[in-house]
Colleague: 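Pasting in a structure now, in structure tokens, and then I'll have a few things to ask.
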Amino acid sequence: MKLMNHPDWKQPHSNDWYNQLAQEAAAYSYDWSSTYSDRTGENLFDEQASLLVKDKDVLDIGCADGHFTERWSKTALRTVGIDASEAFIAIAKRKERANLSFVKANSKENLPNLNRPFQVGLIRKGPTSGYAILKHYLSSEGTFLGLHPGDQSGEELITLFPNLFNERNQSEVKQKLQVIEEELAFKSFHIDDVSCTEWLHTPVDVLKLACFGQKQTVLLAALEKELKNVAEIFNKHNTSEGLAITYSRYLVRGKV
């Protein structure tokens with residue numbers, strides 16, 4: 001079966017997909033089993049973000065369920081998380097307290113008034129459109145940190161499992177970031193490629209990755225119709241640590 005032809009399939013990272021993820025899982029967290037050869041972009045981002053936010057006014061763009069926003073609020077002066085998904089914001093609002101709040105906002109709509117400017121902006125796997133929001137809300141001395149999927153991430157899966165993974169532009173995200181750098185004219189804007197190997201542990205983990213954010217009906221259909229074929233290919237390329245694929249992230253650091 002061509003996974004994308006399933007009637008319940010939602011285009012990944014669309015508004016419908018994010019709302020569905022919130023309703024199905026209530027969190028933006030991966031549910032497949034894997035290990036990494038080195039520290040990931042997420043590890044580096046979280047370390048640097050923890051240093052940036054101390055005693056600062058912090059804006060978290062694309063906050064999803066607010067898990068990381070809440071973590072940063074423990075040392076920040078004030079933290080506001082914004083997300084375009086109404087379902088995710090509803091979940092995040094359960095975490096609100098004196099210095100932590102959440103607001104539904106979309107770069108394509110009129111942006112809400114969030115009072116005084118922020119000193120730090122964070123986009124942890126949020127939309128690249130979030131940089132225009134940073135430009136709107138950050139102070140003239142504001143700093144920001146962004147994390148986005150690398151264009152080479154999981155590229156082996158497209159070749160091995162064409163029924164499960166779509167072809168994509170091999171420089172799509174990098175090009176978007178370069179256009180943002182040019183159009184928004186930040187004082188500084190540095191893009192680092194952070195890559196390592198990810199080992200998927202079982203054939204089922206391949207299917208879980210392919211169906212991330214989709215309804216359970218999509219995963220069940222994939223398990224029924226594709227598991228045997230996936231297992232044959234997985235076992236052919238398997239190592240002692242699992243199926244090796246590229247894990248890549250773009251880490252962006254800059255100043256307004």
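All heavy atoms count here, side chains included; hydrogens, waters and symmetry mates do not.
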Colleague: Can you tell whether the side chains of E42 and R249 come within less than 4.0 Å, N to carboxylate O?
Modeller: yes

Colleague: Apply side-chain contact (heavy atoms from CB on, under 4.5 Å) to L157 and L209, showing your working.
Modeller: CA-CA 10 Å; L157 296 169; L209 192 161; 4.1 Å; yes

Colleague: Are R124 and D46 close enough for a salt bridge, meaning some N to O gap below 4.0 Å?
Modeller: yes

Colleague: Cationic tip of R116 within the cone over F118's six-membered ring, i.e. under 6.0 Å and within 45° of the normal?
Modeller: no

Colleague: Are R39 and E47 ion-paired here, with the side-chain N under 4.0 Å from a carboxylate O?
Modeller: yes

Colleague: Applying the side chain to side chain contact (heavy atoms under 4.5 Å, CB included) test to F144, which of V252, L122, I61, V120 qualifies?
Modeller: V252

Colleague: Side chain of D193, backbone of Y250: donor and acceptor closer than 3.5 Å?
Modeller: no

Colleague: Less than 3.5 Å apart, which donor and acceptor atoms pair up between the side chains of residues 223-238 and the rest of the protein, not counting sequence neighbours?
Modeller:
unit_1 : atom_1 : unit_2 : atom_2 : d
E226   : OE2    : M1     : N      : 2.6
N235   : ND2    : A231   : O      : 3.0

Colleague: Does N99 have any side chain to side chain contact (heavy atoms under 4.5 Å, CB included) partners at least two apart in sequence or in another chain, and if so, which?
Modeller: S73, R97

Colleague: Quick one: does any side-chain atom of K93 pair with a main-chain N or O of F88 as donor and acceptor, under 3.5 Å?
Modeller: no

Colleague: Are any side-chain N or O atoms of K95 and backbone N or O atoms of D65, one a donor and one an acceptor, separated by less than 3.5 Å?
Modeller: yes

Colleague: Does S153 reach the main-chain N or O of S248 with its side chain, forming a donor-acceptor pair under 3.5 Å?
Modeller: yes

Colleague: Side chains of E156 and T246: is there a donor and an acceptor less than 3.5 Å apart?
Modeller: yes

Colleague: Under the criterion side-chain contact (heavy atoms from CB on, under 4.5 Å), I'd like the reasoning laid out for E141 against K187: C-alpha separation, chi angles, the key distance, then a yes or no.
Modeller: CA-CA 9 Å; E141 299 300 317; K187 289 176 185 172; 3.6 Å; yes

Colleague: Are W199 and Y247 an aromatic pair by the rule of ring centers under 6.0 Å?
Modeller: no

Colleague: When you measure from the side chain of S139 to the backbone of P117, do you find a donor-acceptor pair of N or O atoms at a distance under 3.5 Å?
Modeller: no

Colleague: Are side-chain N/O atoms of D151 and S171 paired as donor and acceptor at under 3.5 Å?
Modeller: no

Colleague: With a 6.0 Å cut-off on the ring centroids, do Y131 and F189 count as close?
Modeller: yes

Colleague: Give a yes-or-no answer on whether the side chains of T128 and H148 include a donor-acceptor pair shorter than 3.5 Å.
Modeller: no

Colleague: Could you work out, with side chain to side chain contact (heavy atoms under 4.5 Å, CB included) as the rule, every residue matching S34, not counting sequence neighbours?
Modeller: W32, Y36, E198, L200

